[in-house]
Amino acid sequence: MQNNSIFSLKKRLLAIFLLVSFVFLVIIFRLGYLQFIKGGWLQEKAVDQWTRSLPLSPIRGNINDKNGVALATNYSTYDIYVRPSMVEDPLVVANALSSTLNIDFDVVYKKVTDRFVSESLIKLQVEKDIALSFKKAEFKGVLLSENSSRYYPYGNLLTQVLGFTTIDNIGQAGLEAYYDRYLTGVKGYILEESDVKGVKVEDTMTNYVPSIPGLSLNLTIDINIQKFLDDALNTLIEEQKPKKASGIIMNPQTGEIVAMSTKPDFDLNDIPRDDVGKLLETVKNINIVDVYEPGSTFKCVTMANSIDEGVAHLSDMFFDPGYRMVDGEKIKCWKLTGHGMQTLSEGLCNSCNSVFVDLALRLGKDKMYEMFKKFGLGAPLGVDFLGESGGIIMNYDTAKTVDVARMGFGQAVAVTPLQLISSICSLVNGGKLMKPYFVESVVDSAGEVVSQSIPTEINKTISENTSNIIQNMMLDVIKQYSGYNAFIPGYDVGGKTGTSQKYADGRLSGEYIASFVGTFPAINPDYVVLIVVDEPGGASYYGSIAATPYAKMVIEKIIEYKKYSPTKPEELINNPLDEKVTMPNVIGLNVYDAENILNECGLQFEIQGSSEMVVNQFPMADVSISKNSVVMIECN
């Protein structure tokens with residue numbers, strides 16, 4: 001009996017010991033869990049209970065042109081917060097905030113009186129003088145945090161390129177959006193110890209963690225050349241009254257985008273946010289996002305590739321009766337009476353469709369599609385900008401011979417203006433397809449370079465020898481024919497005009513896109529200029545009249561700005577443009593007779609329409625114009 005009692009006692013002691021050990025083990029595990037796993041979270045909760053923080057917004061990085069001129073910068077504003085627990089007279093405070101900041105009283109009053117919330121934001125980016133008026137009034141519970149608002153010193157210059165930010169300084173469009181992670185910076189804060197009501201405890205430490213400014217961008221844009229482009233497009237808009245107009249200027253050697261503009265635009269300091277549809281349409285950078293049939297400017301690409309592939313030679317001769325028949329379809333040249341016999345170079349100068357149908361057919365379908373790939377058509381070039389389009393190339397399997405023929409002169413293929421100018425750049429820089437880019441370098445607040453862009457060659461398109469041939473051909477275009485309106489006495493300018501019809505719902509719309517691409521200097525150019533005019537409403541829809549003169553304006557300004565010396569100083573003395581002729585009256589004449597009269601006067605001409613009777617002309621009769629100028633006769 002005694003042994004059983006001793007044994008029973010030992011069992012009880014062991015049970016108690018195990019129970020106590022288990023309890024202690026649970027406590028130890030719980031403490032370990034709270035200390036090592038949940039410790040950080042609990043500490044944050046504790047700090048949050050006995051402290052109040054006020055955010056410090058970082059200063060957004062500047063965007064500068066390549067000369068260091070600020071294109072996007074900041075000015076000081078304030079964010080206004082309220083701590084309900086500190087407010088002594090909610091009605092007075094809510095009334096002052098709502099009336100001064102133009103906010104609904106009920107919304108503000110709810111925030112001011114909601115004591116379950118430690119702190120509420122009333123309004124972001126309040127102008128400095130208004131914000132400081134609350135500080136002067138000494139409203140308890142109303143707090144100010146310094147912030148900054150975006151400011152664009154040049155207003156509507158570079159609207160679609162720079163883009164803009166949201167009210168809380170987040171990039172929303174353009175380079176502001178693409179490089180937002182660099183420009184934004186890191187937020188800071190002010191941390192104060194407070195009591196249970198959120199009131200600051202006196203004689204306690206205030207922690208200040210400064211914000212880190214965003215990085216700044218140095219662009220390839222030259223603000224002076226950008227102004228030249230914008231001025232020319234503004235004149236174009238006034239005179240031609242198109243639906244849209246755009247322009248790009250590039251350095252063909254590096255791929256740097258020196259200037260880019262789209263009209264219409266808006267002042268970046270006064271963004272039309274009340275009409276979202278219109279805003280989205282206007283802020284779209286059509287030079288990068290939209291596609292169009294390039295028309296005759298594309299003939300330079302076909303010409304270069306044909307020479308480079310050995311299917312065309314400078315000694316080749318072509319006969320143009322005014323059309324070509326392909327797959328039973330009649331492909332007309334713009335000159336209905338035809339150009340007759342002409343050399344390969346004259347084919348480009350005359351912008352003869354028949355010649356380029358022949359070249360496309362000589363290349364054949366396979367070589368044409370290899371050409372598209374080689375020139376980066378049909379896929380994005382990789383420019384540092386959101387929403388870049390790759391263009392539209394007809395599916396290889398569905399393309400017929402007649403489609404290939406049309407591709408040769410810039411129809412049945414759609415490209416972006418950026419793709420077109422990049423292709424032309426490769427034709428005149430020795431055959432290097434360069435990756436286009438906007439940002440030259442990224443720098444910190446101390447001006448130290450964080451990242452530097454390096455010119456990148458995407459592909460080799462043609463040989464240097466072919467490039468030299470094309471440069472001289474484009475020079476001849478300006479001297480001899482449709483590009484003469486870009487002729488600048490004393491200087492060699494290369495170029496090519498373009499005119500293409502627009503499609504709507506798969507059918508020709510009756511509207512046109514006029515364009516001109518110019519190179520300066522013509523040999524080893526430093527600049528390539530592209531002007532594209534969507535639905536010109538002036539006297540003519542041809543690129544030689546609706547686009548070329550405005551590219552000339554830009555090039556003339558570049559010559560003056562960069563102080564280029566004339567390569568033909570004798571032309572400054574005996575200026576070919578001083579030789580004037582009187583525009584004859586050809587209205588009512590047969591188109592063949594009108595052509596003969598214009599040829600006798602030494603005038604170049606474009607023909608609009610497809611009938612044989614001239615019904616209109618530009619300029620009108622008896623106007624004095626320079627010999628060799630390009631005029632328009634309408635035959636509808």
Side-chain angles (χ1 to χ4, degrees), residues 56-76 147-154 157-158 160-165 169-188 209-227 229 248-260 268 285 287-288 380-388 418 422 425 429 432-458 526-528 558 561-562:
L56 298 174
S57 298
I59 296 177
R60 192 171 178 83
N62 284 353
I63 302 178
N64 308 310
D65 88 327
K66 70 181 306 162
N67 304 309
V69 178
L71 305 176
T73 185
N74 311 283
Y75 66 95
S76 293
N147 197 348
S148 62
S149 292
R150 212 58 166 153
Y151 176 65
Y152 302 90
Y154 292 93
L157 217 62
L158 290 160
Q160 294 82 4
V161 173
L162 295 177
F164 50 84
T165 64
N169 274 335
I170 297 174
Q172 197 169 13
L175 294 176
E176 292 275 27
Y178 188 89
Y179 283 98
D180 184 64
R181 64 190 185 279
Y182 294 100
L183 294 164
T184 298
V186 180
K187 286 185 178 181
V209 178
S211 60
I212 301 174
L215 301 173
S216 293
L217 309 179
N218 292 329
L219 304 186
T220 57
I221 298 289
D222 185 319
I223 191 62
N224 296 302
I225 297 178
Q226 181 68 41
K227 289 178 183 177
L229 178 60
I248 310 175
I249 302 175
M250 282 183 66
N251 180 334
Q253 309 302 329
T254 63
E256 293 175 296
I257 298 171
V258 180
M260 182 180 284
L268 288 169
N285 193 337
N287 285 307
I288 295 175
L381 292 168
V383 66
D384 47 343
F385 203 88
L386 295 174
E388 182 191 6
L418 182 65
S422 294
C425 283
N429 71 3
K432 297 172 292 184
L433 180 64
M434 304 301 294
K435 181 180 178 180
Y437 63 101
F438 285 103
V439 173
E440 190 173 82
S441 62
V442 180
V443 299
D444 61 20
S445 56
E448 296 294 323
V449 176
V450 175
S451 175
Q452 183 82 43
S453 296
I454 300 173
T456 304
E457 183 177 338
I458 300 174
D526 299 322
Y527 299 96
V528 176
I558 291 175
Y561 169 49
K562 292 295 183 177

Would you compute the distance between atom [atom1] of [X] and atom [atom2] of [Y] and round it to the nearest 0.5 angstrom?
X: D384; Y: Y179; atom1: CG; atom2: OH; answer: 3.5 Å
X: E176; Y: L268; atom1: CD; atom2: CG; answer: 8.5 Å
X: N285; Y: L386; atom1: CG; atom2: CG; answer: 11.0 Å
X: M260; Y: F385; atom1: CE; atom2: CZ; answer: 7.5 Å
X: Q226; Y: L157; atom1: CD; atom2: CG; answer: 5.0 Å
X: N64; Y: L219; atom1: CG; atom2: CG; answer: 7.5 Å

Do [X] and [Y] have side-chain heavy atoms sitting under 4.5 Å apart?
X: V69; Y: N224; value: no
X: Y527; Y: K562; value: yes
X: L217; Y: V442; value: yes
X: M250; Y: M434; value: no
X: I225; Y: I558; value: yes
X: E440; Y: S453; value: no
X: K187; Y: P58; value: yes
X: Y178; Y: V439; value: no

Is the backbone of [Y] close enough, under 3.5 Å, to the side chain of [X] for a donor and an acceptor to pair up by distance?
X: N169; Y: S148; value: yes
X: N62; Y: A70; value: no
X: T220; Y: I257; value: yes
X: D65; Y: I223; value: yes
X: E388; Y: P380; value: no

How far apart are the closest heavy atoms of [X] and [Y], and which atoms are they?
X: R150; Y: Y152; result: CG-OH, 3.3 Å
X: S441; Y: V449; result: CB-CG1, 4.4 Å
X: V450; Y: D444; result: CG2-N, 3.9 Å
X: D526; Y: P252; result: O-CD, 3.2 Å

Inspect the surroundings of CG in L71 and state if more than 12 heavy atoms from other residues, nucleotides or ligands are less than 6.0 Å away. yes
### Task
Output, in order, the C-alpha distance, side-chain angles, deciding distance and verdict of side chain to side chain contact (heavy atoms under 4.5 Å, CB included) for L433 and S422.
CA-CA 7 Å; L433 180 64; S422 294; 4.2 Å; yes
May I ask you to say whether R60 pairs ionically with D180, meaning some side-chain N is under 4.0 Å from a carboxylate O? yes
